[in-house]
Peer 1: 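Pasting a structure here, questions to come.
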Amino acid sequence: MAIRDEDIVQLSSPPMNRLESIYLVEVVKGFGTTMRHFFTSFGQGKTSRTIQYPEQRREHYKPEDGGLEPSNFRGVHRLNRDEQGRVKCVACMMCPTICPANCIHIVAAESPWDDREKYPAKFEIDELRCIFCGMCEEACPVDAIELTPEYDVVGLSRQEMIFDKEKLLSIYDATVANKPM
């Protein structure tokens with residue numbers, strides 16, 4: 001069905017006057033915003049909001065200074081261990097199912113332990129594909145996967161950024177097991 005001519009409404013912008021056409025008022029408003037931010041930051045003793053990484057690290061910043069608390073920050077993943085030192089994951093497939101980036105891959109196997117049916121024979125997370133939303137952490141019924149405050153993970157190739165079960169457990173060892181209580 002075609003649109004009838006009487007259903008079409010012609011819209012036109014009102015013509016700009018000479019002052020509006022050179023955008024002088026808008027430029028002055030923008031400059032005022034810039035100066036307001038400059039003097040607000042300068043008055044608080046800050047000359048820059050930029051962190052000079054790697055000399056300055058995020059952990060040194062307090063929330064009142066504009067930094068993030070570790071509880072609010074989502075960095076690299078880790079697989080948690082249970083009390084016996086085994087991987088806590090029961091291969092329920094909740095995390096790969098809920099992951100919007102489809103970056104978690106699990107191959108389940110029959111568990112050699114009596115307290116669970118399955119365990120992950122293979123567990124991989126593609127950290128380059130991950131959007132760090134935290135949905136995997138929320139979906140896990142046994143709190144096996146967790147996002148840590150660690151953020152300075154580098155790799156020279158794409159393959160190095162695919163974290164397997166051993167690498168994820170080593171992050172647990174580095175962040176939890178070796179921390180003094």
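We use all heavy atoms of the structure for the numbers below, so side chains are in, but hydrogens, waters and symmetry mates are not.
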Peer 1: With sequence neighbours excluded, what pairs up with P100 under the side chain to side chain contact (heavy atoms under 4.5 Å, CB included) test?
Peer 2: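 For P100 the side chain to side chain contact (heavy atoms under 4.5 Å, CB included) partners, ignoring immediate neighbours, are I131, C133, M135.
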Peer 1: Taking distance alone, no hydrogens or angles, what donor-acceptor pairs closer than 3.5 Å link side-chain atoms of residues 154-163 to residues at least two apart or in another chain?
Peer 2:
| residue | atom | partner | partner atom | Å |
| --- | --- | --- | --- | --- |
| S157 | OG | E160 | N | 3.4 |
| E160 | OE1 | L156 | N | 3.0 |

Peer 1: First locate atom CD1 of I104, then atom CE of M94, and finally report the distance between them rounded to the nearest 0.5 Å.
Peer 2: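 Separation between the atoms: 11.5 Å.
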Peer 1: Clusters formed by hydrophobic residues whose side-chain heavy atoms approach within less than 4.5 Å: which one holds V142, and what are its other members?
Peer 2: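 Grouped by the 4.5 Å side-chain rule, V90 form the rest of the cluster around V142.
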Peer 1: Does any non-hydrogen side-chain atom of R81 lie less than 4.5 Å from one of D173?
Peer 2: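 Result yes, sub-4.5 Å side-chain heavy-atom pair found.
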Peer 1: At what distance, to the nearest 0.5 angstrom, does OG1 of T97 lie from CG of N102?
Peer 2: 9.5 Å
Peer 1: Ignoring hydrogens, what is the shortest heavy-atom contact between A144 and C140? Give both atom names and the distance.
Peer 2: N-SG, 3.1 Å
Peer 1: Give the minimum heavy-atom separation between S111 and Y119, together with the two atoms involved.
Peer 2: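 Heavy-atom minimum between the residues: CA-CD2, 3.7 Å.
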Peer 1: Quick check against the 3.5 Å criterion: does K118 have a side-chain atom that pairs as donor or acceptor with the backbone of A91?
Peer 2: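 Side chain of K118 to backbone of A91, a donor-acceptor pair under 3.5 Å: yes, one is there.
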Peer 1: Distance from N80 atom CG to T148 atom OG1, nearest 0.5 Å?
Peer 2: 10.0 Å
Peer 1: Would you list the atom pairs, donor with acceptor, under 3.5 Å between side chains in residues 25-35 and any protein atom, with sequence neighbours excluded?
Peer 2:
| residue | atom | partner | partner atom | Å |
| --- | --- | --- | --- | --- |
| T33 | OG1 | K29 | O | 3.1 |
| T34 | OG1 | G30 | O | 3.1 |

Peer 1: Please check if atom CD in E110 has more than 12 non-hydrogen atoms from other residues, nucleotides or ligands closer than 6.0 Å.
Peer 2: no
Peer 1: I'd like to know whether CG of L19 has more than 12 heavy-atom contacts from other residues, nucleotides or ligands below 6.0 angstrom.
Peer 2: yes
Peer 1: Rounded to the nearest 0.5 Å, how far apart are CZ of R78 and CD1 of I125?
Peer 2: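 Taking CZ in R78 and CD1 in I125, the distance rounds to 12.0 Å.
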Peer 1: Would you give the length of the straight line joining atom SG of C95 to atom NE2 of H105, rounded to the nearest 0.5 angstrom?
Peer 2: 11.0 Å
Peer 1: Report the residues that fulfil side chain to side chain contact (heavy atoms under 4.5 Å, CB included) with D114, sequence neighbours left out, ordered by chain and then residue number.
Peer 2: none
Peer 1: Does any part of the side chain of H77, heavy atoms only, come nearer than 4.5 Å to the side chain of E127, both counted from C-beta?
Peer 2: yes
Peer 1: Under a single-linkage definition using a 4.5 Å side-chain heavy-atom cutoff for Ile, Leu, Val, Met, Phe, Trp and Tyr, are L79 and M93 assigned to the same hydrophobic cluster?
Peer 2: yes
Peer 1: So do R116 and R86 actually touch side chain to side chain, heavy atoms under 4.5 Å?
Peer 2: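 Heavy-atom side-chain distance check passes, below 4.5 Å.
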Peer 1: May I ask you to list the residues sharing a hydrophobic cluster with V107, side-chain cutoff 4.5 Å, ordered by chain and number?
Peer 2: none
Peer 1: If you define the side chain from C-beta out and look only at heavy atoms, does anything of I145 sit under 4.5 Å from F123?
Peer 2: yes
Peer 1: Supply the atom-to-atom distance E117 CD to C92 SG, rounded to the nearest 0.5 angstrom.
Peer 2: 11.5 Å
Peer 1: So, R129 side chain and C103 main chain: donor-acceptor pair closer than 3.5 Å or not?
Peer 2: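 A pair under 3.5 Å: no.
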Peer 1: Are the side chains of K88 and Y172 in touch, meaning some heavy atoms are under 4.5 Å apart?
Peer 2: no
